[in-house]
Amino acid sequence: MATAEAHQSWTLAYKGMSSDNIKGLVLALSSSFFIGASFIVKKKGLKKAGASGIRAGSGGYSYLYEPLWWVGMITMIVGEIANFAAYAFAPAILVTPLGALSIIISAVLAHIILRERLHIFGILGCVLCVVGSTTIVLHAPQERMIESVAEVWDLATEPAFLLYAALVIAAVFILIIRFIPHYGQTHIMVYIGVCSLVGSLSVMSVKALGIALKLTFSGTNQLLYPQTWAFALVVLTCVLTQMNYLNKALDTFNTAVVSPIYYVMFTTLTILASVIMFKDWDRQNPTQIVTEMCGFVTILSGTFLLHKTKDMADGMSSRLPKHIDEEDGFASEGIPLRCQESLRS
């Protein structure tokens with residue numbers, strides 16, 4: 001009797017993935033492949049542009065005239081479109097952690113193409129990212145049923161999320177005005193902090209806009225609602241801000257370090273924003289929530305290994321000097337991090 005009750009309880013807790021969640025999963029996986037590769041292509045473009053003009057990390061925009069950078073940007077756009085669609089079908093807690101796959105792709109390609117060495121424990125970090133992502137996928141909540149974009153607007157204007165948004169905006173302005181002029185070239189967390197904070201708001205708006213488009217294509221026109229256009233404006237503003245500061249981070253710091261740190265901060269803040277706005281955990285039992293958190297900690301452990309073993313591969317424990325990339329004839333950046341501050345990731 002007890003065994004039957006336990007089996008019934010387990011069945012109720014783990015009903016399997018819905019068709020929408022599966023669609024979101026496939027889109028998120030394909031997105032990670034494109035985005036992971038785009039980091040490398042864009043980095044090559046930035047290096048070529050910097051050899052003949054002012055580097056992006058120094059405030060230059062010569063990369064806009066470099067075709068290779070645009071190839072990377074188009075690849076990233078394709079990945080972001082797939083990611084955009086994924087958020088329309090699945091909750092952020094499912095979609096966002098799958099970005100760990102893009103870390104693995106960018107780290108491996110950086111090792112092969114950019115000759116940014118990946119230590120054996122970095123490979124273990126990649127494995128941990130996969131294990132953690134799989135754990136989260138298997139225990140992700142079902143997508144919330146929403147009938148109109150007005151419902152999403154009501155969620156976004158609740159006091160809890162308004163407080164979160166206000167804190168994020170204040171933090172971004174402080175970083176841009178006070179910290180970037182002094183620490184942008186030496187502390188990786190400054191540029192990535194701006195990208196991650198803004199990114200958490202952009203994902204919520206992307207999800208809202210994706211839901212509006214999905215409902216519109218289903219026959220319920222959401223383009224008549226002003227809320228749809230308000231979310232679109234937020235998406236545009238946030239994406240442009242992210243693109244600008246991510247370019248600066250990629251041009252200034254090592255790709256194999258930018259990718260995992262950006263992933264950790266972006267994913268953490270996005271999950272927090274989703275839990276506040278869409279109340280994802282209200283549709284789960286404690287066992288599922290704890291399992292998801294364990295999966296996320298596993299991913300954090302993997303990204304930490306990728307970060308720290310990069311220092312081991314370069315034989316340094318703190319700031320690394322620039323060295324010359326013989327293939328490009330261009331200075332390849334090391335990891336200007338202070339050991340204590342790097343642990344923040």
Side-chain angles (χ1 to χ4, degrees), residues 21 24-25 27-36 38-39 76 79-80 82-84 86-87 90-107 125-141 161 164 167-168 171-172 188-189 191-207 238-239 242 245-246 249 255-278 280-281 284 288-307 342-345:
N21 274 21
L25 172 62
L27 288 166
L29 289 174
S30 60
S31 168
S32 294
F33 278 108
F34 284 108
I35 292 175
S38 74
F39 272 106
M76 176 170 279
E80 292 295 350
N83 201 44
F84 175 90
Y87 282 111
I93 289 181
L94 170 61
V95 175
T96 307
L98 292 179
L101 183 58
S102 67
I103 297 177
I104 298 171
I105 293 171
S106 62
C126 292
V127 174
L128 287 174
C129 288
V130 172
V131 172
S133 297
T134 303
T135 302
I136 291 177
V137 167
L138 294 176
H139 298 85
F161 187 76
Y164 173 80
L167 291 174
V168 165
V172 167
I188 193 171
M189 302 303 293
Y191 285 143
I192 295 182
V194 173
C195 293
S196 302
L197 287 165
V198 173
S200 68
L201 295 182
S202 72
V203 167
M204 298 303 100
S205 299
V206 161
K207 185 169 180 63
C238 291
V239 167
Q242 284 179 270
Y245 288 101
L246 182 58
T255 308
V257 176
V258 170
S259 299
I261 295 178
Y262 177 50
Y263 168 77
V264 170
M265 292 190 64
F266 171 72
T267 303
T268 302
L269 291 170
T270 298
I271 289 176
L272 176 61
S274 181
V275 167
I276 294 173
M277 179 172 170
F278 289 97
D280 294 322
W281 285 347
Q284 292 188 287
Q288 291 173 298
I289 295 174
V290 171
T291 305
E292 285 176 2
M293 290 300 97
C294 289
F296 186 53
V297 170
T298 303
I299 296 175
L300 294 183
S301 301
T303 53
F304 178 80
L305 272 179
L306 279 170
H307 179 191
S342 69
L343 295 176
R344 182 180 169 190
S345 68

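Note that the structure is a prediction, hence the values are computed from the model and not measured.
Shortest non-hydrogen contact noted between Met204 and Ala92 is CE-CB, 4.3 Å. Considering all non-hydrogen atoms of both residues, Ile105 and Gly36 come closest at CG2-C, 3.8 Å. The two residues Cys195 and Tyr262 come nearest to each other via the heavy atoms CB-CE1, 3.5 Å. Closest heavy-atom contact between Ala90 and Gly24: CB-CA, 4.0 Å. The two residues Ile299 and Ile136 come nearest to each other via the heavy atoms CD1-CD1, 3.9 Å. Of all heavy-atom pairs between Ala140 and Glu292, the closest is CA-OE2, 3.4 Å.
Between Tyr245 and Tyr191, the angle of the ring planes lies from 30° to 60°, which puts this pair in the tilted group.
Judged by distance alone, with hydrogens and angles left aside, the side-chain atoms of Ser31 form no donor-acceptor pair with the main-chain N or O of Leu27 at under 3.5 Å. No side-chain donor-acceptor contact under 3.5 Å links Thr270 to the backbone of Thr267. Side-chain atoms of Ser200 come within 3.5 Å of backbone N or O of Leu197 as a donor-acceptor pair. Under the 3.5 Å distance criterion, the side-chain polar atoms of Asn21 are matched with a main-chain donor or acceptor of Pro141. Judged purely by atom type and a 3.5 angstrom limit, Ser274 has no side-chain atom pairing as donor or acceptor with the backbone of Ile93.
Atom OG in Ser30 sits 9.0 Å away from atom CD1 in Ile35 (nearest 0.5 Å). Between atom CE of residue Met76 and atom CZ of residue Phe39 there is a gap of 4.5 Å, rounded to the nearest 0.5 Å. Taking CE of Met265 as the start and CD1 of Ile188 as the end, the distance is 10.5 Å to the nearest 0.5 Å. With rounding to the nearest 0.5 Å, the separation of OG1 in Thr268 from CG in Leu300 is 5.5 Å.
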Check your understanding: Are Thr135 and Thr298 close enough, and set up right, to give a side-chain contact (heavy atoms from CB on, under 4.5 Å), and what steps lead you there?
Key -> CA-CA 9 Å; Thr135 302; Thr298 303; 5.8 Å; no
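When the side chain to side chain donor-acceptor pair (under 3.5 Å) test is applied to Thr96, the partners found at least two apart in sequence or on another chain are Tyr87.
In this structure the side chain of Phe34 never reaches within 4.5 angstrom of the side chain of Asn83, judged on heavy atoms. Counting heavy atoms from C-beta outward, Tyr164 and Leu272 have side chains that approach closer than 4.5 Å.
Heavy-atom contacts from other residues, nucleotides or ligands closer than 6.0 Å to CZ of Phe33 number 12 or fewer.
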